[in-house]
Amino acid sequence: MRTTSPSPLGAPAARAPRGARVVAGVLCGLQALVLVGVAAFYLYELVLGEGSDGTRVVMSALVILLAAVGLAVLSRGWLRWTRWPRTPTVLWDLLLLPVVWGLLQAGRAALGGLVLAVALVAVGAALVAPRPEDPDVAGAPSPGAPSPGATPEP
């Protein structure tokens with residue numbers, strides 16, 4: 001597999017791996033699933049009577065679910081080769097850095113390290129992922145086109 005393509009000046013230019021889009025999409029999808037799990041846990045605790053304020057717990061769960069929906073949309077955007085998911089993905093994962101700090105301060109170093117690792121890999125994948133309009137992405141699906149093997153929508 002060739003990893004470089006000639007630039008207009010004749011020197012080889014590094015080509016971003018197409019797999020980075022898949023990595024970014026999968027990580028956004030996994031983050032969405034984790035948030036759905038967190039929201040379900042909040043509601044489970046409410047049912048058990050652990051929540052001090054039912055309204056606050058329900059509203060927190062709804063906000064978390066809204067973020068999960070946003071991450072699912074980002075995941076779909078990455079996997080469908082759309083142009084827009086880079087900036088929101090980087091922004092979301094940078095916003096996880098204060099979460100990591102809070103986890104580290106709370107003595108949850110393992111969880112904080114996991115969140116940090118996922119955030120850094122997602123940011124890295126988002127930054128190196130090729131854009132659909134890049135000329136060196138030959139054979140990539142056009143923006144908005146269904147991914148290979150997908151069934152067409154009616």
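This structure is a prediction, so every number in the text was calculated from the model and none was measured.
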Original post:
When rounded to the nearest 0.5 angstrom, what is the spacing between OG1 in Thr89 and CG in Leu27?
Top reply: 9.5 Å
Subject >> Trace of the side-chain contact (heavy atoms from CB on, under 4.5 Å) decision for Leu97 with Leu116 >> reply: CA-CA 7 Å; Leu97 295 178; Leu116 179 63; 3.6 Å; yes
**OP:** Mark yes when over 12 heavy atoms from residues, nucleotides or ligands other than Trp84 sit less than 6.0 Å from its CH2; otherwise mark no.
**Re:** yes
Subject >> Leu127 reachable from Leu96 in the ILVMFWY side-chain graph, under 4.5 Å edges >> reply: yes
Original post:
Do you know which of Leu103, Val115, Val100 makes side-chain contact (heavy atoms from CB on, under 4.5 Å) with Arg108?
Top reply: Leu103
Original post:
Looking at Tyr42 and Val57, what are the two nearest heavy atoms and their distance?
Top reply: O-CG1, 3.5 Å
Original post:
Do Leu94 and Leu91 pass the side-chain contact (heavy atoms from CB on, under 4.5 Å) test, and can you show the C-alpha distance, the side-chain angles, and the key distance before you say yes or no?
Top reply: CA-CA 5 Å; Leu94 290 178; Leu91 178 64; 5.6 Å; no
**OP:** Mind checking the CZ-CZ spacing from Arg86 to Arg21? Nearest 0.5 Å is all I need.
**Re:** 7.5 Å
**OP:** Applying side chain to side chain contact (heavy atoms under 4.5 Å, CB included), name anything that partners Leu35, two or more places apart in sequence or on another chain.
**Re:** Ile64, Ala67, Ala68, Leu71, Trp92
Original post:
Same hydrophobic cluster for Trp101 and Leu114, using side-chain heavy-atom links shorter than 4.5 Å among ILVMFWY?
Top reply: no
Original post:
Linking I/L/V/M/F/W/Y whenever any side-chain heavy atoms sit under 4.5 Å apart, do Val128 and Trp78 land together?
Top reply: no
Subject >> Ala126 versus Ala24, closest heavy-atom pair with distance >> reply: N-CB, 4.3 Å
Original post:
CG/Leu43 to CG/Leu48 distance, rounded to the nearest 0.5 angstrom?
Top reply: 11.0 Å
**OP:** Return the minimal non-hydrogen interatomic distance between Ala109 and Leu104, and the atom names on each side.
**Re:** CA-CD2, 3.7 Å
Original post:
With sequence neighbours left out, what residues match Thr55 under side chain to side chain donor-acceptor pair (under 3.5 Å)?
Top reply: none
Original post:
Between Ala32 and Ala72, what is the shortest heavy-atom contact and its length?
Top reply: CB-N, 3.8 Å
Subject >> Closest heavy-atom pair and its distance - Thr82, Gly77 >> reply: OG1-O, 2.8 Å
Original post:
Which heavy-atom pair separates Cys28 from Leu74 by the least distance, and what is that distance?
Top reply: SG-CB, 4.1 Å
Original post:
Are Val63 and Val38 grouped together when hydrophobic residues (ILVMFWY) are joined by side-chain heavy atoms under 4.5 angstrom apart?
Top reply: no
Original post:
Do Leu120 and Leu111 share a hydrophobic cluster, counting only Ile, Leu, Val, Met, Phe, Trp and Tyr and linking them when any side-chain heavy atoms are less than 4.5 Å apart?
Top reply: yes
